[in-house]
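Numbers restart at 1 for each chain; the letters A, B, ... are given by sequence-line order, proteins then strands. Please read these numbers as outputs of a predicted model, since none were measured by experiment.
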2 protein chains.
Amino acid sequence: MFARPTETERGEVRMTVETGSGAVDGSPDGTDGATDGARGADAREPEDAWGEVTPDAARRLLLAAVEAFAERGFHATTTRDIASRAGMSPAALYIHYRTKEELLYQISRVGHERSVRILTEANDSATNPADRLAAAVHAFVRWHAERHTTARVVQYELNALAEEHYTEIVALRRRSEEILRGILEDGVAVGEFTVADIRGTALAVLSLCIDVARWFRSGGSRTPEEIGTLYADLVLRMVGAPAGGSREGDRPER
Amino acid sequence: MFARPTETERGEVRMTVETGSGAVDGSPDGTDGATDGARGADAREPEDAWGEVTPDAARRLLLAAVEAFAERGFHATTTRDIASRAGMSPAALYIHYRTKEELLYQISRVGHERSVRILTEANDSATNPADRLAAAVHAFVRWHAERHTTARVVQYELNALAEEHYTEIVALRRRSEEILRGILEDGVAVGEFTVADIRGTALAVLSLCIDVARWFRSGGSRTPEEIGTLYADLVLRMVGAPAGGSREGDRPER
DNA sequence: GTCTATAAGAAGATAGAC
DNA sequence: GTCTATCTTCTTATAGAC
């Protein structure tokens, strides 16, 4: 029969990748794409973001998996492909990870923790809702563009996760959602934003940011920084708070 | 060796599904989701949209493929799964389609033709850019919500297409892009919109609409119609043309 | 047109030498 | 820790009876 991954100790695969660290520096050469999703051609970026992963081989495998999953998708990627990209034999993978799915889980977990962290820090970077929203969108979008390879896996391969892992990740996603919704609520409360459907608008904003990972490609005409700026502006407009501070836009409540 | 699909005549799989027809009526029970992508659970809708597909068995297979691809992704879906959903043996599939990829291609082609048609009709439904934009976004978003199962495959399984099919589909996607960009250009030209980066904004709007297919789920709290209305409003704001007609918002250029 | 049976190969994961 | 070799199962696709 088919032995399921036994619970034997095996180096304890659960690594403690310091999600934070100086990771958001990166390719300043990214740019926009078209309506067509990335097709393997690109899907590459300086992924030194995983520098913290403990055994060197484990890090190389993780990096190889990110590239492969982003290019071809989780199910279309073979363990042989991952191992060979990492310069190892197929069997070597199983020394560091119990299953192919665990690789995806690690990528997804670290990526989502990073997302929550980016949104949290942006949210704490200012007091007025408009600046908090602009900062959050700018940073979140920039990350999705700069780290589009990772982000593509993080955002679009969720369904391949095992049930228990999926549940854990969804909890992190809800946190992101709540942070954004909180900003909108505050903005409406202090009269800085004009939003009828807060929950719906929060979802739309998040969706807009996330989808950057799908279409962004290096070699286009816009840098991640520029797209972040564009999107922050668009989102401020969406909530009725034109960029540049809407001091004069405030209705005096009669 | 492994025989590639021979060019023998085999019932001519290339069907002529009238992309149009009364297909956009459908589930009025759809609604919003969360930040988590749909996970199989849902991924179902009255897909009578394929009613025009010629042999009955071919239609059932197409419908089964749409559901399976939407739930599990192209690569994770087996031909056995598709055939069994259609109530047939695995071999029956190959009477109507040369390969699994051809099923995806047909779904993708019909879906993209439908997208272009929706945008074209909306674009022709009015003369002033604001109404054209609102109509386009409303209809496009509504389709992505109502037909989210199909749309998910159409929008997110592109990479699994064979090279030649991919090229053909990308051409259709560019057409959609051009239609939207054209509306924005007209709006800026007549002073109805205030948009600095037309191309970037057009891409963002398209991206926002497309991503509805990823997160939408039946059983939520919003109907496709409501989401269409919300998004049309959000997009008008994005281009600096508040809903309800921005007659008083026009700068008289002095 | 549809079935049963099966070919041909590749997949994920393990065993055991080094 | 890493390799080579291999097990088991599943895959797409075909052959040929009905």
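Going from atom OH of A:Tyr94 over to atom P of D:dC7 covers 17 Å, rounded to whole Å. Per the geometry, CD belonging to A:Glu102 stands 15 Å off P belonging to C:dG12, to the nearest Å. Between the CZ atom of B:Arg72 and the P atom of D:dT11 there is a distance of 9 Å, given to the nearest Å. Computed from coordinates, the A:Leu61 CG to C:dG12 P distance equals 14 Å when rounded to whole Å. Between the P atom of C:dA10 and the CG atom of A:Asp81 lies a distance of 14 Å, rounded to the nearest Å. For the pair A:Lys100 NZ and C:dA13 C1', the computed distance is 12 Å after rounding to whole Å. What separates CZ of A:Arg59 from C1' of D:dG1 is a distance of 16 Å, to the nearest Å. One interatomic measurement links the two molecules: CZ of B:Phe74 to C1' of D:dT11, which rounds to 12 Å at whole-angstrom precision.
Side-chain atoms of B:Ile169 and B:Arg109, non-hydrogen and from C-beta on, do get closer than 4.5 Å to each other.
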Dump every N/O contact between nucleotides 2-6 of chain C and the protein below 3.5 Å, one line per pair.
unit_1	atom_1	unit_2	atom_2	d
C:dT2	OP2	B:His96	NE2	2.7
C:dC3	OP2	B:Ser89	N	2.8
C:dC3	OP2	B:Ser89	OG	2.9

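The aromatic rings of A:His144 and A:Phe140 sit perpendicular, their planes meeting at an angle over 60°, well past the 30° parallel limit.
A donor atom on one side chain and an acceptor atom on the other are found under 3.5 Å apart for A:Glu225 and A:His138. With 3.5 Å as the limit, one finds no donor-acceptor pair spanning the side chains of A:His148 and A:Arg217.
For the atom pair NZ of A:Lys100 and CG of A:Leu93, the computed distance is 10.0 Å after rounding to the nearest 0.5 Å.
Remark: the backbone N or O of A:Phe216 is paired with a side-chain donor or acceptor of A:Arg152 at under 3.5 angstrom.
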